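This report concerns only the one structure given below.
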Number of protein chains: 2
Amino acid sequence: MSNILYAIRERLSSLHPKERALAEYILEHPQEATRSGITELAERAGASTATITRFCKSMRFDGFPDFKLKLAEELAAPSEQQPTYQDIVAGNSLQRIVAAMEANHLRSIADTTRLLDFGALEAAVAALDRARRIDLYGVATSGIVAQDAYQKLIRIGKEANAFSDPHLQITSASNLGPGDVALAISYSGATQETLDALVCAKAQGATTISLTKYGANPLADSADIALFASSLEEGMRRGDMASRIAQLHVIDILFIGLVSSRFDAYVPKLEQTYVNVRHFRKTKGR
Amino acid sequence: MSNILYAIRERLSSLHPKERALAEYILEHPQEATRSGITELAERAGASTATITRFCKSMRFDGFPDFKLKLAEELAAPSEQQPTYQDIVAGNSLQRIVAAMEANHLRSIADTTRLLDFGALEAAVAALDRARRIDLYGVATSGIVAQDAYQKLIRIGKEANAFSDPHLQITSASNLGPGDVALAISYSGATQETLDALVCAKAQGATTISLTKYGANPLADSADIALFASSLEEGMRRGDMASRIAQLHVIDILFIGLVSSRFDAYVPKLEQTYVNVRHFRKTKGR
DNA sequence: AAAATGACGAAAATAATTTTCCTTCTTATT
DNA sequence: AATAAGAAGGAAAATTATTTTCGTCATTTT
């Protein structure tokens, strides 16, 4: 199922009556939602146009037209051609596991790419470029992603730090200032410690960026710039595998975007780092 | 190519100057055309909004919004041919970077899957299942992958440890014994420290597994079981991005293979870990 | 029971698109 | 070469769509 429809279904229970009526109508007639204007849809779903706009904004779209466009794009990608997410169950042969894993990872990268918000991406790259200091927050699996971003950033001479420890996160966030950047990573977007750190960083005047699963969530709501990686169906036995790969995909894009934005400044540092590591370790490898 | 873009190109020669300028702009930046409003597009294409509307009508669309929607749907449809590895170069637009990144990651996962040796995989899973202790070695980017494997293994109660520090690697390897497993990760397969640790582990009687790029390399040659992740074309400016994702892909397969091999033993631990983390942190997230 | 909060829609405000209409440019004709 | 006819194209008016504001009503809290 499409990520947008999935995100809607996920939120269904937490919606107000009219919003829910609207959400249910969209879930039942997604095609029609993309074809009609806001007034028409309001009538058919039994809600007001105001409710629709509010709903779209709460889903972090620019507005109804933006929602319509993104939904249309998702619906246009025929899912029967694309591999769909596979659950992992008992007693599967290695062959089946490998096939399922491949499908999930491919799908999750493709989905993430399709859902990318270029505006947010550009803003994030610009903020990272400007930043005097960059803090990276993430716990457990998301900590791995934060570490990965950290390793990349220091290669181009950025003053970056990654924290998994809640106390250190807050400690470091407290010492950020305007122009600095805090990038908080959490699959669910609901990790309290990471959220606390982000809020703290924001209070210090830092530019805050979130990287979470798709759909509204506390972390994304609090961040100045919200980036998303595709979310898998619930019930997937270990949804965080694909999501972590999707998040790394976004990190890679951010990093290459950053390097490309000022090629002359960053590439020499990157090359120098590489040369130095080789020279001092006298090995070819990583 | 999309039908709409194709239709535009076909009509190109029969269009008036301004319409042609518009058409050419759309052909070159189809994505942007779907993202922007009519005013914005008019400015960028050097035509007036009136011209755009007229153009859309002449193409038998209802109007500009209709055109935009249909074009977006077409562009969202899955891509034509198998993507090939793309190099990352200066001054690329974010759109191109994203497209290249997606192509590389998709390709690298697909390639890795195709190159998988099921025999080695099965042997690795069996060794991990048997192991009393599991050591994970990896430096820098490969250290991230080792950390990821570590986080997974401890979730199912495996006594695992990940080391990036060369001294600690050796120290820990020295205390492995028969039945234990050392999994060494290095993209090049030539990282001296990691190789040393693996050799040391082997001398202690541990089963050794390597995870490297495809092809002969010291690490794979020394390991009892050699696993491979797809190697990118040489000269790729940052080949380790895709390779790291491919390595994680292999780790995921190993892990799920392990869990599936003895579902009844491992899944309850996995579930329990998950429940406990949620309970003690009183959050839904990661 | 009063106050506070929040959902919600009517309607005003704003934004986007389409249409009208007029100017300008081209081309055909005298 | 001058002029009329016709089409291209843009400015701005008209229309249409979307968003925001604001007030009402319902629900919850004190």
Side-chain angles (χ1 to χ4, degrees), chain A residues 4 8 10-27 29-73 117-120 216-218 221-222 226, chain B residues 4 8 10-27 29-73:
Chain A
I4 294 175
I8 293 176
E10 212 182 24
R11 295 197 55 198
L12 213 53
S13 58
S14 67
L15 292 174
H16 313 301
K18 288 288 166 181
E19 282 187 325
R20 184 184 303 194
L22 169 63
E24 277 166 354
Y25 184 85
I26 294 172
L27 284 172
H29 315 278
Q31 290 289 351
E32 269 161 71
T34 66
R35 300 293 165 166
S36 32
I38 196 172
T39 321
E40 215 177 327
L41 182 62
E43 233 167 69
R44 290 202 240 173
S48 70
T49 62
T51 301
I52 294 182
T53 318
R54 268 191 296 261
F55 174 75
C56 295
K57 293 255 161 110
S58 83
M59 299 280 295
R60 307 196 58 99
F61 292 98
D62 275 356
F64 176 67
D66 186 46
F67 167 77
K68 200 162 70 170
L69 191 83
K70 302 272 170 62
L71 180 60
E73 284 181 346
D117 176 344
F118 282 92
N217 64 68
D221 290 345
S222 317
Chain B
I4 294 175
I8 293 175
E10 240 187 357
R11 294 197 53 194
L12 214 52
S13 57
S14 67
L15 292 173
H16 310 139
K18 287 289 166 179
E19 283 187 324
R20 184 183 304 193
L22 170 64
E24 279 167 353
Y25 183 86
I26 293 172
L27 284 172
H29 315 276
Q31 289 288 352
E32 270 162 70
T34 67
R35 301 290 165 169
S36 33
I38 196 172
T39 320
E40 215 177 326
L41 182 62
E43 229 167 72
R44 290 201 241 173
S48 71
T49 63
T51 302
I52 294 182
T53 316
R54 270 193 294 264
F55 174 76
C56 294
K57 295 253 160 122
S58 84
M59 299 281 294
R60 312 182 127 262
F61 293 97
D62 275 355
F64 176 66
D66 186 46
F67 167 77
K68 199 162 71 169
L69 193 81
K70 302 273 170 62
L71 180 60
E73 285 180 347

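Chain letters run A, B, ... following the sequence lines, proteins first and then strands; every chain starts at 1. Remember, predicted model here, so these are calculated numbers, not experimental data.
Atoms CD (Glu19(A)) and C1' (dA7(C)) sit 9 Å apart, rounded to a whole Å. If you take CZ of Phe55(B) and C1' of dT18(C), they are 17 Å apart, rounded to a whole angstrom. Between the C1' atom of dA7(D) and the CZ atom of Arg20(B) lies a distance of 16 Å, rounded to the nearest Å. Look at NZ on Lys18(B): it is 14 Å from C1' on dA11(D), rounded to the nearest Å. Look at CZ on Phe67(B): it is 15 Å from C1' on dT17(C), rounded to the nearest Å. A straight line from CG of Leu15(A) to C1' of dA7(C) spans 12 Å, rounded to a whole angstrom. Regarding Leu41(B), its CG atom lies at a distance of 13 Å from the P atom of dA16(C), rounded to whole Å. For the pair Leu22(A) CG and dG9(C) P, the computed distance is 10 Å after rounding to whole Å.
The minimum heavy-atom distance between Ile8(B) and Ala23(B), with the atom names listed, is CG2-CB, 3.6 Å. Closest non-hydrogen pair, Ala42(B) versus Ser48(B), comes out as CB-C, 3.8 Å. The two residues Ala72(B) and Leu69(A) make their nearest non-hydrogen contact at CB-CD1, 3.7 Å. For the pair Ala47(A) and Lys18(A), the tightest heavy-atom approach, listed with the atom from each and the gap, is CB-O, 4.2 Å. In plain terms, the two heavy atoms of Ala45(A) and Ala21(A) that are nearest each other are O-CB, 3.9 Å.
Side-chain contact check for Phe64(B) versus Thr49(B): every heavy-atom pair is 4.5 Å or farther apart. Looking at Leu71(A) and Phe61(A), their side chains never come closer than 4.5 Å, going by heavy atoms from C-beta outward. Side-chain contact between Leu15(B) and Phe55(B) is present, with at least one heavy-atom pair separated by less than 4.5 Å.
Each of Ile4(B), Asp62(B), Thr34(B) was evaluated against Lys70(B); a single residue qualifies, Ile4(B), per the side-chain contact (heavy atoms from CB on, under 4.5 Å) test.
Rounded to 10°, the helix from dA1(C)-dT30(D) to dT30(C)-dA1(D) has 10° between the axis fitted to its first five pairs and the one fitted to its last five.
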Listed pairs, N/O of protein and of nucleotides 15-20 of chain D, under 3.5 Å:
| residue | atom | partner | partner atom | Å |
| --- | --- | --- | --- | --- |
| dT18(D) | OP2 | Ile38(A) | N | 2.7 |
| dT19(D) | OP1 | Phe64(A) | N | 3.3 |
| dT19(D) | OP2 | Phe64(A) | N | 3.2 |
| dT20(D) | OP1 | Lys57(A) | NZ | 3.3 |
| dT20(D) | OP2 | Lys57(A) | NZ | 2.6 |

